[in-house]
Amino acid sequence: MPDLHELKQKVYSANMSLPRHGLVLFTWGNVSGIDRDAGLVVIKPSGVSYDELSPENMAVVDMSGNAVGGALRPSSDTQTHLALYRAFPEIGGVVHTHSTYATAFAQAGAAIKPLGTTHADYFYGEIPVTRPLKKKEIKGEYELETGNVIIETLKGKNPMNIPAALVRGHGPFAWGKTPEEAAHNAVVLEEVAKMASIVYSISPVKGGLTKAAGISRALLERHYLRKHGKDAYYGQ
């Protein structure tokens with residue numbers, strides 16, 4: 001098996017950033033990373049407390065989900081991660097959490113509209129929410145179908161422009177070019193969801209979340225493209 005020491009270290013560090021930023025309690029989250037040349041994914045082991053994690057006990061699976069390294073079973077969400085990796089070759093890391101505010105939007109079945117420039121710095125439009133899973137999907141290959149419904153929701157979109165989605169009734173998934181970037185995007189997603197929740201509480205309307213119109217398309221594009229466009233100028 002290829003030497004995955006560096007990837008294991010990165011996946012471990014990204015996993016450990018989740019409790020540090022208040023995104024997970026107990027074992028409620030996981031990060032993975034992929035070595036596309038080797039066709040292998042490193043992911044948090046299932047049900048293991050964060051204080052018991054180490055780079056060495058990260059689980060390793062092939063693209064079908066077969067365990068090929070490590071003594072511990074991989075996360076129960078592994079098939080969701082694998083579905084995203086297979087569908088989107090740009091993705092190098094995936095994160096799932098049950099962070100409070102993003103999960104609340106998922107449970108409400110509500111997408112997060114671009115209400116301000118913090119959102120626009122990372123997400124080139126609305127953060128979508130999936131349709132509900134059908135009964136046969138829940139009773140079948142549930143984790144795989146969770147990945148499939150995210151992929152369905154992102155149809156026609158560039159996943160790197162909208163690096164997160166809310167699985168209805170479940171919680172958020174985020175991704176990036178690396179495990180570290182995916183974890184960073186998950187932290188931003190939670191903060192954006194928190195801000196949006198406060199906006200909605202300030203400006204509620206009957207029968208809907210808010211009367212706040214959100215930012216203009218021009219402001220959304222300016223903020224997103226100054227960080228991510230071909231002529232980006234944000235940072236050093």
Side-chain angles (χ1 to χ4, degrees), residues 10 13-14 17-18 20-23 29 31 33 84 87-130 150-168 171-205 208-236:
K10 289 180 178 179
S13 297
S17 73
L18 301 184
R20 187 168 67 248
H21 288 288
L23 266 64
V31 181
L84 295 174
F88 305 121
E90 310 94 324
I91 291 178
V94 176
V95 176
H96 172 50
T97 76
H98 288 256
S99 60
T100 303
Y101 286 90
T103 299
F105 274 90
Q107 291 181 354
I112 304 175
K113 297 178 181 179
L115 298 174
T117 59
T118 309
H119 182 128
D121 280 338
Y122 287 85
F123 302 98
Y124 199 29
E126 180 178 274
I127 300 165
V129 63
T130 71
I150 296 172
I151 295 163
E152 174 189 311
T153 301
L154 294 172
K155 186 176 181 180
K157 299 181 176 69
N158 182 337
M160 306 313 288
N161 288 347
I162 308 286
L166 309 173
V167 178
R168 190 179 296 251
F173 283 80
W175 46 85
K177 295 177 183 177
T178 64
E180 303 97 319
E181 184 176 284
H184 184 94
N185 288 337
V187 174
V188 175
L189 169 62
E190 176 64 5
E191 191 65 17
V192 166
K194 182 177 181 180
M195 292 177 182
S197 179
I198 294 170
V199 170
Y200 296 160
S201 70
I202 294 170
S203 181
V205 293
L209 285 174
T210 183
K211 62 185 178 184
I215 59 174
S216 67
R217 185 70 191 182
L219 188 55
L220 171 71
E221 292 190 355
R222 182 64 187 230
H223 268 261
Y224 185 82
L225 295 175
R226 73 175 186 166
K227 291 188 74 171
H228 306 284
K230 63 181 180 64
D231 297 317
Y233 60 89
Y234 178 91
Q236 299 303 313

**Q** Could you work out, with side chain to side chain contact (heavy atoms under 4.5 Å, CB included) as the rule, every residue matching Tyr224, not counting sequence neighbours?
**A**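 Listed in chain order: Tyr124, Asn161, His228.
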**Q** Among residues at least two apart in sequence or on other chains, which ones pass salt bridge (Lys or Arg N to Asp or Glu O under 4.0 Å) with Glu126?
**A** none
**Q** Can you name the side chain to side chain contact (heavy atoms under 4.5 Å, CB included) partners of His223, sequence neighbours left out?
**A** Thr117, Ala120, Asp121, Leu219, Arg226
**Q** Among all residues two or more places apart in sequence or in another chain, which pass the side chain to side chain contact (heavy atoms under 4.5 Å, CB included) test with Glu180?
**A** Lys10, Thr178
**Q** Output all residues satisfying side chain to side chain donor-acceptor pair (under 3.5 Å) with Asn158, sequence neighbours left out; order by chain, then residue number.
**A** none
**Q** Carefully, step by step, assess Tyr122 and Ile127 under the rule side chain to side chain contact (heavy atoms under 4.5 Å, CB included).
**A** CA-CA 10 Å; Tyr122 287 85; Ile127 300 165; over 6 Å; no
**Q** Output all residues satisfying side chain to side chain donor-acceptor pair (under 3.5 Å) with Thr118, sequence neighbours left out; order by chain, then residue number.
**A**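 By the side chain to side chain donor-acceptor pair (under 3.5 Å) rule, Thr118 matches no residue at all.
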**Q** Excluding sequence neighbours, so at least two apart, what forms side chain to side chain donor-acceptor pair (under 3.5 Å) with Ser17?
**A** none
**Q** Please tabulate, for the side chains in residues 101-110, all donor-acceptor contacts under 3.5 angstrom to protein atoms that are two or more places apart in sequence or on a different chain.
**A**
from, atom 1, to, atom 2, distance (Å)
Thr103, OG1, His98, O, 3.3
Thr103, OG1, Ser99, N, 3.4
Thr103, OG1, Ser99, O, 2.7

**Q** Which residues pass the salt bridge (Lys or Arg N to Asp or Glu O under 4.0 Å) test with Glu152, sequence neighbours left out?
**A**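 Result, salt bridge (Lys or Arg N to Asp or Glu O under 4.0 Å) vs Glu152: Arg131.
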**Q** Using the side chain to side chain contact (heavy atoms under 4.5 Å, CB included) criterion, which residues pair with Val129? Sequence neighbours excluded.
**A** Ala111, Leu166, Arg168
**Q** According to salt bridge (Lys or Arg N to Asp or Glu O under 4.0 Å), who are the partners of Arg217, at least two apart in sequence or on a separate chain?
**A**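 Applying salt bridge (Lys or Arg N to Asp or Glu O under 4.0 Å) to Arg217 gives Glu221.
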**Q** In chain order, what residues pass the side chain to side chain donor-acceptor pair (under 3.5 Å) check against Asn185, with sequence neighbours excluded?
**A**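 Partners of Asn185 under the side chain to side chain donor-acceptor pair (under 3.5 Å) test: none.
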